[in-house]
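First listed ligand is number 1; within each ligand, the first listed atom is number 1. Note that the numbering runs from 1 along the sequence shown for the chain.
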Amino acid sequence: MIAGWRCAVCGVTVDAATPYTFTCPRSTPEDRHHVLHPVVVGDEPPVLDDINPFVAYGPRLGWWAFARTHGMTEGACIALTRDVADCFAVTPFTPSLELSDELGADVWIKDETGNVGGSHKGRHLVTTLLHLRAAEALGLGQGGTRRSLAIASCGNAAIAAAVLAQRSEWPLQVFVPAWASMAVLTHLEELGASITVCPRRREDPPGDPAIHRFREAVAAGAAAFSVQGPDNALCLDGGRTIGWEIADALTAAGESPLDRAVVQVGGGAFAAGVGWGLGPDVRIDTVQAEGCAPLARAWRRADDRGLEADEVGAHWAELMTPWDEPHSAADGILDDEAYDWLGVFDVMLRSGGRPLVAPEAAIVRAHELAESTGIPVSVTGSAGLAALLEPDGAPAPGERVAVVFSGVER
Ligand SMILES: Cc1ncc(COP(=O)(O)O)c(C=O)c1O
Ligand SMILES: [Zn+2]
């Protein structure tokens, strides 16, 4: 079960009972190179029998441990989950005849396209909202008024954030870049989000102006409703449910476990969650597009310097640097930095996995193949499959390997 949090950079630990464990206590606006990771001790608590993963796996989650140590009963935790997160249900995980035939392996698909807002992103966000709602119910709220939630995104994460915030009637500010699509903005507005379009200002430092405005809002008191661990570690908590679901679906069907999962990486929270949920016996290979591959570059740099697993965090500024001019048809994974690279390194190192880089042609081909399954997945959401099409990621004959299709094509 989760005992608390530990910074993967400076080693500071934070107890699970602490409210608002979003960032490392040593993280500052001048030095954001800190990230809290969940600390799991002993066996995981048994799974509750429920179709909603946030009930079923509730007792494993950080917000639940927080609420329970402050006296919330298990029944009250379940009731709160139903109120905040009733829109979640365990998503399908099935073998794919099309992909298995094409690749000569045993390929399974975890299909997240029917999840909240069309992707897995809600899994990351809902654990923050549950923590805030629990703190409020326990009288540990901040000043009695609801501080607004803030997110910088104009894609899947923003839509999931708006769906969840609306259900809880919690105000949400969404910071979007100037090029955001009108269709997404209209949808966000319909969901009641307040939108701030963020053109670059002359005085802005380098980097995405939507992120600058988001950080200003957080500095002014908004709660970081983020899908990136360094801004809010609680997103890493809920991300693990996807790995638990995959592992338990195979066990329940009497099937043998996976040999490998291949996971697309943008910021990296997704791959870290899949890996932590599946455990070290399933090899986690990650995939980025050749037009934006800061993770593989950081891995190579760490290797060149001969750094051990516990040394890389101290070298953040040298190893994980922003990618110049990210580009790919997989436009949801163009984060110029893989913010959660330390979590992703952890799951790859522990499982014997590697960061793969897919040529653009493989990303496009993977999407064509993905469409042949009939699942309406976006190019971003099928990018993991691209790894299996390349010689360094090709499956061994009969290998049991999973891909996660996330992000419905809009
Ligand atoms: C559909 C989809 N898949 C995968 C990812 C990658 O997740 P992460 O940014 O956590 O690496 C994203 C978002 O960035 C996404 O929208
Ligand atoms: Zn720290």
With a 4.0 Å cut-off on N to O distance, would you call [X] and [Y] a salt bridge?
X	Y	answer
E399	R283	no
E112	R123	yes
R213	D204	yes
E136	R146	yes

Classify the ring geometry of [X] against [Y]: parallel below 30°, tilted from 30° to 60°, perpendicular beyond 60°.
X	Y	result
H37	W276	perpendicular
W244	Y57	tilted
F345	W299	perpendicular

Quiz prompt | Neighbouring residues of ligand 1, heavy-atom cut-off under 4.0 Å | solution = H120, K121, N156, Q264, V265, G266, G267, G268, A269, F270, G332, I333, T380, S406, G407
Quiz item: If you draw the axis of the six-membered ring of F54, does the NZ or CZ of R133 fall within 45° of it and under 6.0 Å from the ring centre?
Solution: no
Self-check item: Sub-2.8 Å protein N, O or S atoms surrounding the Zn ion (ligand 2)
Solution: C7 SG, C10 SG, C24 SG, H34 ND1
Exercise. Mind listing the closest non-hydrogen atom pair of V377 and A370 along with its distance?
Key: CG1-CB, 3.7 Å
